[in-house]
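Okay, structure first, notes after.
Heavy-atom basis, side chains included; hydrogens, waters and symmetry copies ignored. In listed order, ligands and their atoms are each counted from 1.
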Amino acid sequence: VSAGEQRRWTLNDFDIGKPLGRGKFGHVYLAREKRSNHIVALKVLFKSQLQQSQVEHQLRREVEIQSHLRHPHILRLYGYFYDQKRVYLILEYAPKGELYKELQKCKHFSERRAATYVASLARALIYCHGKHVIHRDIKPENLLIGAQGELKIADFGWSVHTFNRRRTMCGTLDYLPPEMVESTEHDASVDIWSLGILCYEFLYGVPPFEAKEHSDTYRRIVQVDLKFPPKPIVSSVAKDLISQMLVKDSTQRLPLHKLLEHPWIVQNAEPSG
Ligand SMILES: O=C(O)Cn1ncc2ncnc(NCCc3cnc(NC(=O)Nc4cccc(Cl)c4)s3)c21
C-alpha cells in the first residue's frame with residue numbers, strides 16, 4: 001500500500017477482518033490489501049453522518065495534511081476511497097490498539113513509561129510544527145500503540161495547516177488550553193498545553209482540570225487551577241515539567257525542543273522513545 005500507488009482503491013481490493021473499534025462516525029476494521037497482502041486498518045465513515053455534522057471539509061483537510069506526514073510516531077493515512085454511502089480511510093494498523101484502554105487498565109503509568117511516551121509525542125509534534133501543522137486534539141483517545149509498544153498519534157480530524165481556525169466544541173474539554181476555551185487566537189503552543197495535560201493524566205490517571213460540570217472544567221482551565229494530589233507519588237522533577245507546560249500565557253510554555261532536554265525526560269525516557 002505504498003504512497004506511490006495513488007490509484008483508485010475500491011472495497012474489492014481488500015479482505016475485511018475483525019472490527020477493531022467503533023467511533024462516532026463509523027467503525028474501524030482490520031483489512032488486508034489483496035495484491036500486496038499488506039495489513040491495514042480500514043475506517044468506514046457514513047457520508048450521511050459526515051454531512052449531518054458538517055465535517056466533510058475537516059476530513060478533506062485531514063487527508064491532505066496526512067498525505068504529507070511521515071513520522072514513526074504518526075499513524076499513516078495511506079489513502080481513501082468512497083462509494084455511494086461511505087468514505088473509507090486506509091490507515092496504518094496499530095496492533096496494540098488504543099492507549100486509553102491501556103491507561104484505564106493500569107490506572108496510571110510509571111514515570112519511565114510516561115516520559116518515554118511524552119518524549120516520542122514531543123518529537124512527533126516538533127515534526128508536525130516544522131510543517132506548520134498543529135494537531136489540536138492530542139488526548140489518550142487519539143493515541144494508538146504500534147507492534148513494538150511505540151506510540152502513534154492518530155486522527156488528524158482536528159488538525160490545521162494555518163492558525164486561528166474556528167472550531168465547534170465537541171468531545172472532552174479537558175484538553176483545551178485557555179486560549180481555545182476563551183476562543184481567542186491560538187498557535188502551535190496549543191499542542192504543548194495538551195501534551196502537558198496528557199503527561200499529567202499518564203502519571204495520575206485523570207486530567208488535571210477534571211470536574212463534574214463543564215462550567216467548572218472551563219473555570220479550572222482558564223485559572224490554570226493545577227493541583228498535584230498526594231497519591232500516586234510523583235517526582236517533583238515531573239511536576240516541574242508539567243508546571244512549565246500548563247502556563248496560561250502560550251508564549252511562556254516550555255518549547256518542545258526544551259522539553260526533550262528537561263531532566264525528567266533525560267532521566268526517564270527510553271532512548272529509542
Ligand atoms: O482506534 C480504534 O478504534 C481501533 N484501532 N485499533 C487498532 C487500530 N489501528 C489503526 N487505526 C485504528 N483506529 C482508527 C484510528 C484513526 C486514524 N485516523 C482517523 N481519522 C478519522 O477518524 N478522521 C475523521 C473521522 C470522521 C470525521 C472527520 Cl472530520 C475525520 S481515525 C485502530
Donor-acceptor list for residues 198-207 side chains, cut-off 3.5 Å, not counting sequence neighbours:
unit_1, atom_1, unit_2, atom_2, d
Y200, OH, K227, O, 2.7
E201, OE1, Y175, OH, 2.3

Which N or O atoms of ligand 1 sit under 3.5 Å from a protein N or O, and how far apart is each pair?
unit_1, atom_1, unit_2, atom_2, d
ligand 1, 9 (N), A94, N, 3.0
ligand 1, 18 (N), D155, N, 3.3
ligand 1, 20 (N), E62, OE2, 2.8
ligand 1, 22 (O), K43, NZ, 3.0
ligand 1, 23 (N), E62, OE1, 2.6
ligand 1, 23 (N), E62, OE2, 3.4

Practice task
Name all residues meeting the side chain to side chain contact (heavy atoms under 4.5 Å, CB included) criterion together with H108; count only those two or more places apart in sequence or in a different chain, and write none if there are none.
Solution key: P232
Exercise for the section: Flag this pair as yes if the NZ/CZ of R113 is under 6.0 angstrom from the six-membered ring centre of F109 and inside a 45 degree cone about the axis; otherwise no. Expected result: yes
Problem - Ring geometry between F14 and W9 (parallel below 30°, tilted from 30 to 60°, perpendicular above 60°) - result: tilted
Exercise for the section: Please work out which of the three classes, parallel, tilted or perpendicular, describes the rings of Y127 and H71, given edges at 30° and 60°. Expected result: tilted
Completion exercise
Hits for side chain to side chain donor-acceptor pair (under 3.5 Å) against D240, two or more places apart or cross-chain, chain-then-number order -> Q244, H262
